[in-house]
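Since the structure comes first, as structure tokens, the remarks are kept for the end.
Starting from 1, each residue takes its place in the sequence as its number. Note that the coordinates shown come from a computational prediction; the quantities given were computed from them, not determined experimentally.
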Amino acid sequence: MMSPLIARLLLLVCLALPLYGVEKVRNRGYRKDPDADKFGSCMQGPAGTSGREGNPGANGIPGTPGIPGRDGPKGEKGECINEIFEEPWRPNYKQCAWNSLNYGIDLGKVADCTFTKLRTDSALRVLFSGSLRLKCKNACCQRWYFTFNGAECAGPLPIESIIYLDQGIEGLCEGVKAGLVDVAVWVGTCADYPRGDASTGWNSVSRVIIEELPK
């Protein structure tokens, strides 16, 4: 007859054998998680929500300049166009007139006429129309000439008339600056000749005509 202790051991063995067989069956279809040793035997849960984007990173160090490219093909020669924009030329003239001037001086200013010149790069055309008389017993000479602001014309030469002439004095003067110009007719002596008895504008109308002309 079995002792009660042996009987209990046999009972425990009989109860443990079915559990061991069931465990072996489960282990056949079970694949071990490679991370099981790290995280234990817990199963991996569902993925969490994505995090916010991080702040932009700092700019990197600028790179070294590249190699200069080759020169391109030479272009065609262009056309040179010079455009000059100027105001249209406007007539600018003046006339001063005297009736029977009868000025009998032999040396000095005879008459003057003030004129406003608009441009520096223009020329002045001047004309004296009137009677010029010279009387003397022996050989003599008188000279009538124009001045501009007190000086004779230097561009290019003086404007003058000498001896006795029945025509007028006329010419162009350049180099006179823009602005107010005092144009005057004078009478004087001639070089190497004695002075005679001069008379200007006797018994006739005398005129000084001034006109600004483009060069």
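For R195, there are no side chain to side chain donor-acceptor pair (under 3.5 Å) partners two or more places apart in sequence or in a different chain. Applying the side chain to side chain donor-acceptor pair (under 3.5 Å) criterion to E174, with sequence neighbours excluded, gives no partner residue. Not a single side chain to side chain donor-acceptor pair (under 3.5 Å) links W98 to another residue, sequence neighbours left out. Under the side-chain contact (heavy atoms from CB on, under 4.5 Å) criterion, I67 pairs with no residue, sequence neighbours left out. With sequence neighbours excluded, the residues that form a side-chain contact (heavy atoms from CB on, under 4.5 Å) with D197 are D106, R133, K135. Evaluation of the salt bridge (charged side-chain N to carboxylate O under 4.0 Å, His left out) rule for E211 yields R125 as partners, not counting sequence neighbours. With sequence neighbours left out, W202 forms a side-chain contact (heavy atoms from CB on, under 4.5 Å) with N102, S131, S199. Applying the side chain to side chain donor-acceptor pair (under 3.5 Å) rule to T200 yields the partners W144; only residues at least two apart in sequence or on another chain are considered.
Using a 4.5 Å heavy-atom cutoff, the side chains of Y145 and P158 are not in contact. Contact check for I209 versus S129: no side-chain heavy atoms found under the 4.5 Å cut-off. Two residues are said to be in side-chain contact when any heavy atoms from C-beta on lie closer than 4.5 Å; I169 and E160 fail this criterion.
Side-chain contact annotation: K215 with S122, donor-acceptor N/O pair under 3.5 Å absent.
Atom CD1 of I162 sits about 10.5 Å away from atom CG of L134, to the nearest 0.5 Å.
Among pairs with a residue in residues 58-69, none fulfils side chain to side chain donor-acceptor pair (under 3.5 Å), at least two apart in sequence or across chains. For residues 55-77, there are no salt bridge (Lys or Arg N to Asp or Glu O under 4.0 Å) pairs, not counting sequence neighbours. For residues 147-156, the pairs satisfying salt bridge (Lys or Arg N to Asp or Glu O under 4.0 Å) are R143-E152, with sequence neighbours left out.
Between C173 and I159, the closest heavy-atom pair is CB-CD1, 4.0 Å. Looking at every heavy atom in both residues, L127 comes nearest to F146 through C-CZ, 3.7 Å. The two residues V187 and Q142 come nearest to each other via the heavy atoms CG2-NE2, 3.7 Å. Taking all atoms of both residues into account, the shortest heavy-atom contact from V208 to F128 is CG2-CD1, 3.8 Å. Nearest heavy atom pair, residue S206 against residue G130, reads OG-CA, 4.2 Å. Between E212 and W89, the shortest heavy-atom distance links the atoms O-CZ2, 3.4 Å.
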After noting the C-alpha distance and the side-chain angles of V181 and T114, does the key distance pass the side-chain contact (heavy atoms from CB on, under 4.5 Å) rule? CA-CA 6 Å; V181 182; T114 302; over 6 Å; no
Hey, mind stepping through L118 and R90 against side-chain contact (heavy atoms from CB on, under 4.5 Å) and telling me if it holds? CA-CA 10 Å; L118 300 180; R90 295 179 300 171; 4.3 Å; yes
Passes side-chain contact (heavy atoms from CB on, under 4.5 Å), C153 versus F148? Steps please. CA-CA 7 Å; C153 180; F148 302 85; 3.7 Å; yes
Given side-chain contact (heavy atoms from CB on, under 4.5 Å), test D112 with V185 step by step and report yes or no. CA-CA 6 Å; D112 59 1; V185 179; over 6 Å; no
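The number of heavy-atom neighbours closer than 6.0 Å to NZ of K177, taken from other residues, nucleotides and ligands shown, is 12 or below.
Following chains of ILVMFWY side-chain contacts shorter than 4.5 Å, one can reach I210 starting from L101, so the two form part of one hydrophobic cluster.
At distances below 3.5 Å, not a single donor-acceptor pair connects side-chain atoms of E170 with backbone N or O atoms of V126. Remark: the backbone N or O of V205 is not paired with any side-chain donor or acceptor of N99 at under 3.5 angstrom. Looking only at distances, a side-chain donor or acceptor of K117 sits under 3.5 Å from a matching main-chain atom of R119.
As a member of the Ile/Leu/Val/Met/Phe/Trp/Tyr network built from side-chain separations under 4.5 Å, L172 groups with L213.
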